Amino acid sequence: MTAAISAKSTSFERLGFALPVALLALLLIAALIAGAFSAVTEETRMGAAAADRQHALLSAESAIGIVISALSSSPSDSISVGETQSRQIGGLEVPITVYSTRLDSSLYWLVAVAGDTSSHSGIARRIGVVVRATNGPTGSMSIDRIPERGWSELF
């Protein structure tokens, strides 16, 4: 009778081993699924942030173009040498401020700040460009980018 009891206890030990292995396998599968969801979520956030940064860059370039055409059309509002004026540019989906600094009689330094600079989200873009003012034969003033120098990204 003792041999029968020991045989039964051995078979119970074998049956009890399958449950911890099955639970461990389920735990590993759940961890893999959670890791995959986490990776997908992070990739989505990175993609959205990259798209926002690119949108802010394009908006900053557009704002620089708007300010260049505004400076060309209103030479009477020109600023004195060393002075800086700021303008809020509306109509674009990103809040933009453009700073215009007159460097000398014919050069301006324009800096566009696009995006939310108050938070640390990283989507703000700041670009600068040097432009030259020239007087036309009719007395009109035109402001154009200097061909040798493109815009530069500022940090």
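Since the structure is predicted, the reported quantities are computational estimates derived from the model, not experimental observations. All residue numbers in this chain count up from 1 along the given sequence.
- Taking CG of Leu57 as the reference point, atom CZ of Arg125 lies at 4.5 Å (rounded to 0.5 Å).
- Here the straight-line distance linking atom OG of Ser69 with atom CD1 of Ile64 works out to 11.5 Å at 0.5 Å rounding.
- Contact of the Val130 side chain with the Leu107 side chain is registered, since non-hydrogen atoms from C-beta on lie closer than 4.5 Å.
- Residues Leu27 and Leu23 are not in side-chain contact: their nearest non-hydrogen atoms beyond the backbone lie 4.5 Å or more apart.
- In this view, Thr101 and Thr84 satisfy the side chain to side chain donor-acceptor pair (under 3.5 Å) rule, not counting sequence neighbours.
- In terms of modelled atom types and a separation under 3.5 Å, the side chain of Arg87 and the main chain of Ile89 share no donor-acceptor contact.
- Between Ile68 and Leu110 there is a side-chain heavy-atom pair separated by less than 4.5 Å.
- Minimum heavy-atom separation, Tyr108 to Ala133: CE1-CB, 3.8 Å.
- Under the 4.5 Å side-chain criterion, counting only non-hydrogen atoms from C-beta, Val129 is in contact with Val131.
- Here Met46 sits alone; no ILVMFWY side chain lies under 4.5 Å from its own, so it joins no hydrophobic cluster.
- Between the OG atom of Ser86 and the OH atom of Tyr99 there is a distance of 5.5 Å, given to the nearest 0.5 Å.
- Between the Arg45 side chain and the Ala48 main chain, no donor and acceptor come within less than 3.5 Å of each other.
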I'd like a table of donor-acceptor pairs (distance under 3.5 Å, sequence neighbours excluded) in which one partner is a side-chain atom from residues 34-44, with atom names and distances.
unit_1 : atom_1 : unit_2 : atom_2 : d
Thr41  : OG1    : Phe37  : O      : 2.8
Thr44  : OG1    : Val40  : O      : 2.8

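- Going from atom CZ of Arg132 over to atom CG of Leu103 covers 12.0 Å, rounded to the nearest 0.5 Å.
- The side-chain contact (heavy atoms from CB on, under 4.5 Å) search around Leu58 returns Gln54, Glu61, not counting sequence neighbours.
- Applying the side chain to side chain donor-acceptor pair (under 3.5 Å) test to Thr97 and every residue at least two apart in sequence or in another chain returns Gln88.
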